[in-house]
Colleague: 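Below is one structure. I have some questions about it.
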Amino acid sequence: MAVAEEGSDGTFQRARSGRFVTGDVELVVLQDANEVAAAVAERQGQAAREGGHIALTGGTTPELAYAEAAEREPDWSKTEIWWSDERCVPPDDDLSNYALAKRTLLDRLEHGPRAVHRIKGELGREQAAADYERELGDTVFDFELLGLGKDGHVASLFPNAPTLRERRRVLPAEAGLEPFVDRVTLSIPALNSARAIVFAVTGADKAEASLRAFGARPGPETPASLVRSRDGTTTAILDRAAAAKLHA
Ligand code: 6PG
């Protein structure tokens with residue numbers, strides 16, 4: 001793997017903080033989860049000011065970033081909000097990705113988005129996927145935040161799942177990891193149509209997956225390795241623990 005450091009003499013220390021570029025992903029390595037949250041929040045705030053279509057993610061990693069993004073930029077009135085995946089639970093369930101974003105971000109804004117396009121997981125995966133696909137149409141996200149599972153999954157696209165070969169934009173899916181509830185997910189082509197993709201990844205338990213996703217040959221055993229913006233930028237913001245195996 002060729003990892004080149006931007007603007008330096010080219011030497012590279014394992015998991016040092018800084019900015020690096022692999023072939024197709026910019027890696028931003030920061031000290032810890034708080035710094036990652038701040039960097040993500042800054043980008044989200046900027047995206048909100050510019051306006052457009054913003055895709056949110058679920059999982060636990062974005063929680064800090066969402067809260068900070070609401071503080072940094074309380075006016076999201078120029079945005080429309082979407083999700084890259086959802087669990088098939090009611091919108092007020094603790095497992096709901098919508099509930100997480102509502103609690104940590106949307107409810108804290110002074111001026112909310114002009115539209116919130118939630119995936120209606122409570123309808124069941126087939127119906128919810130069909131509804132969301134209709135609503136999404138050919139919308140292109142200006143900013144798409146994603147997490148990374150410790151098995152290499154992204155959104156609800158799990159290792160070696162048949163969904164990885166689908167061309168439709170929205171898919172019903174099964175969970176490959178906890179929580180084991182049905183899912184609705186964007187497909188690889190839909191994820192890759194975003195203009196700016198940002199992965200937020202923290203913690204030592206993500207180090208192996210980060211290596212496979214951002215520093216190795218792409219393949220279906222690591223769905224996140226297949227996610228790269230077709231026409232825009234792909235950035236992974238990691239803390240040192242998650243970046244520990246990414247080295248020259
Ligand atoms: C979901 C997600 C999923 C998540 C990763 C990382 O609905 O579960 O969108 O892809 O981003 O599992 O989750 P953590 O941030 O909790 O590690």
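The model shown is predicted, which means the values in this text are computed figures rather than measured ones. For the numbers below, each heavy atom of this structure counts, side chains included, while hydrogens, waters and symmetry mates do not. Counting convention: from 1, in listed order, for ligands and their atoms alike.
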Colleague: Under the criterion salt bridge (charged side-chain N to carboxylate O under 4.0 Å, His left out), I'd like the reasoning laid out for Arg183 against Glu174: C-alpha separation, chi angles, the key distance, then a yes or no.
Modeller: CA-CA 6 Å; Arg183 314 288 185 104; Glu174 285 171 21; over 6 Å; no
Colleague: Could you tell me whether the side chain of Ser96 and the main chain of Asp92 form a donor-acceptor pair under 3.5 Å?
Modeller: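 Side chain of Ser96 to backbone of Asp92, a donor-acceptor pair under 3.5 Å: no, none is there.
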Colleague: Only heavy atoms of His153, strictly under 4.0 Å: list the atoms of ligand 1 that pass.
Modeller: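 Listed by number with element: 3 (C), 5 (C), 10 (O), 12 (O).
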Colleague: Applying salt bridge (Lys or Arg N to Asp or Glu O under 4.0 Å) between Glu73 and each of Lys78, Arg49, Arg108, report the one that passes.
Modeller: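 With Glu73 as partner, salt bridge (Lys or Arg N to Asp or Glu O under 4.0 Å) holds for just one option, Arg49.
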Colleague: To check your reading of the model: name the closest protein heavy atom to atom 8 (O) of ligand 1, its residue, and the distance in Å.
Modeller: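 Residue, atom and distance for the closest contact: Arg87 NH2, 2.8 Å.
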Colleague: With heavy-atom distances below 4.0 Å as the criterion, list the atoms of ligand 1 near Arg183.
Modeller: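 The list of qualifying atoms is 1 (C), 7 (O), 8 (O).
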Colleague: Run the numbers for me: atoms of ligand 1, each under 4.0 Å from some heavy atom of Thr61, listed by number.
Modeller: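 In order of number, 14 (P), 15 (O), 17 (O).
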Colleague: Indicate yes or no for a side-chain donor-acceptor contact from Glu133 to the backbone of Arg169 under 3.5 Å, with no hydrogens or angles considered.
Modeller: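 Flag set: sc Glu133 to bb Arg169 pair under 3.5 Å.
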Colleague: Determine whether the aromatic ring centres of residues His153 and Phe158 are separated by less than 6.0 angstrom.
Modeller: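 Between Phe158 and His153, the centre distance is under 6.0 Å.
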Colleague: N/O of Ala155 under 3.5 Å from N/O of ligand 1, yes or no?
Modeller: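 The answer is yes, given that Ala155 and ligand 1 share an N or O pair closer than 3.5 Å.
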Colleague: List every atom of ligand 1 that sits less than 4.0 Å from any heavy atom of Gly147, numbering the atoms from 1 in the order shown and giving each element.
Modeller: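 In order of number, 11 (O).
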Colleague: Do any N/O atoms on Lys206 end up under 3.5 angstrom from N/O atoms on ligand 1?
Modeller: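 Lys206 vs ligand 1: N/O contact under 3.5 Å present.
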Colleague: Could you tell me whether some N/O pair between Ser84 and ligand 1 is separated by less than 3.5 angstrom?
Modeller: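 N/O-N/O distance under 3.5 Å: no.
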